[in-house]
Amino acid sequence: MRPATTLELLATPAEVSGVRRALSAYGAEVQLCASELVTNVVQHLGEGVPVTVRVWCDDGGRTRLEVTDPDPRALPVLRASVGADEESGRGLALLDALASRWGVAHGPGGKTVWCELEAGPGDGAVPVASVGGPGRTATAGRDPR
């Protein structure tokens, strides 16, 4: 197994495509979720905000994605519906549909929006070492357990 993938960047629209490229080995679903979460940072906190993206697979094949930014107050909100003419607002709905669970954890450096995706046959997930996020507590999102 190899170590988790960690990307440290300044959130800009140009960096979103770089994140997708860097995570291509994890498959399209992880790429989509990561790009949506980094795009949310750009849209809601502004360009140039420092972001850390972490991805790893646990021993059961589940992939965990975390996107950390420094603002603990700007929490993601899953909208009930988005009009056909609206240009944005579907990112968390996509994440919610793809992830088995997701949420927000607060830590000393801000907040982390995380999601977990189940491994499927031929999904392209790359097994990596499992790591944890000590000192964080879940505060929002979908967790069926």
Side-chain angles (χ1 to χ4, degrees), residues 1-82 86-107 109-134 136-145:
M1 290 190 177
R2 66 185 178 107
T5 298
T6 301
L7 308 171
E8 293 186 356
L9 55 116
L10 297 179
T12 65
E15 287 288 348
V16 173
S17 61
V19 168
R20 282 193 303 265
R21 279 191 305 279
L23 300 180
S24 64
Y26 291 93
E29 291 181 354
V30 172
Q31 289 176 293
L32 177 60
C33 291
S35 63
E36 291 298 335
L37 292 177
V38 174
T39 297
N40 279 350
V41 173
V42 174
Q43 289 180 339
H44 299 290
L45 299 181
E47 291 190 31
V49 173
V51 171
T52 301
V53 178
R54 283 178 299 281
V55 183
W56 69 91
C57 296
D58 66 16
D59 292 334
R62 182 177 26 233
T63 302
R64 180 156 172 126
L65 164 69
E66 297 181 347
V67 176
T68 302
D69 70 65
D71 190 338
R73 298 164 292 146
L75 298 176
V77 176
L78 178 61
R79 295 173 59 180
S81 65
V82 178
E86 294 183 64
E87 293 182 14
S88 65
R90 293 173 185 80
L92 282 179
L94 287 169
L95 181 128
D96 188 63
L98 294 172
S100 58
R101 60 191 203 127
W102 67 275
V104 179
H106 290 286
K111 71 170 175 308
T112 298
V113 182
W114 59 268
C115 67
E116 294 179 350
L117 297 104
E118 298 297 327
D123 69 354
V126 176
V128 295
S130 178
V131 296
R136 297 187 178 138
T137 56
T139 59
R142 179 171 62 104
D143 187 344
R145 288 193 239 176

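Numbering starts at 1 and runs along the sequence shown.
Looking only at side-chain heavy atoms (C-beta outward), Leu75 and His106 come within less than 4.5 Å of each other. Using a 4.5 Å heavy-atom cutoff, the side chains of Val113 and Val41 are not in contact. Between Leu23 and Val53 the shortest side-chain heavy-atom distance falls below 4.5 Å. With contacts defined as side-chain heavy-atom distances shorter than 4.5 Å, the pair Tyr26/Leu65 does not qualify. Looking only at side-chain heavy atoms (C-beta outward), Glu36 and Leu95 stay at 4.5 Å or farther from each other. Here the side chains of Ser35 and Val16 are in contact, with some heavy-atom distance below 4.5 Å.
With rounding to the nearest 0.5 Å, the separation of CZ in Arg54 from OG1 in Thr5 is 12.0 Å. Atom-to-atom distance recorded for Glu15:CD and Leu7:CG is 9.0 Å, nearest 0.5 angstrom.
Shortest non-hydrogen contact noted between Trp102 and Cys115 is CB-CB, 3.7 Å. Between Ser24 and Gln31 the shortest heavy-atom distance is CA-NE2, 3.4 Å. Trp56 and Glu66 get closest at one heavy-atom pair: CH2-OE2, 3.3 Å.
Between the side chains of Ser100 and Glu118, at least one donor N or O lies within less than 3.5 Å of an accepting N or O.
For Arg21, the salt bridge (Lys or Arg N to Asp or Glu O under 4.0 Å) test picks out no residue, with sequence neighbours left out. When the side-chain contact (heavy atoms from CB on, under 4.5 Å) test is applied to Pro50, the partners found at least two apart in sequence or on another chain are Leu10, Pro70. For Val42, the side-chain contact (heavy atoms from CB on, under 4.5 Å) criterion is met by Ala11, Pro13, Glu47, not counting sequence neighbours. In this structure Asp69 satisfies the side chain to side chain donor-acceptor pair (under 3.5 Å) test together with Lys111, sequence neighbours excluded. Applying the side-chain contact (heavy atoms from CB on, under 4.5 Å) test to Glu29 and every residue at least two apart in sequence or in another chain returns Leu98, Leu117.
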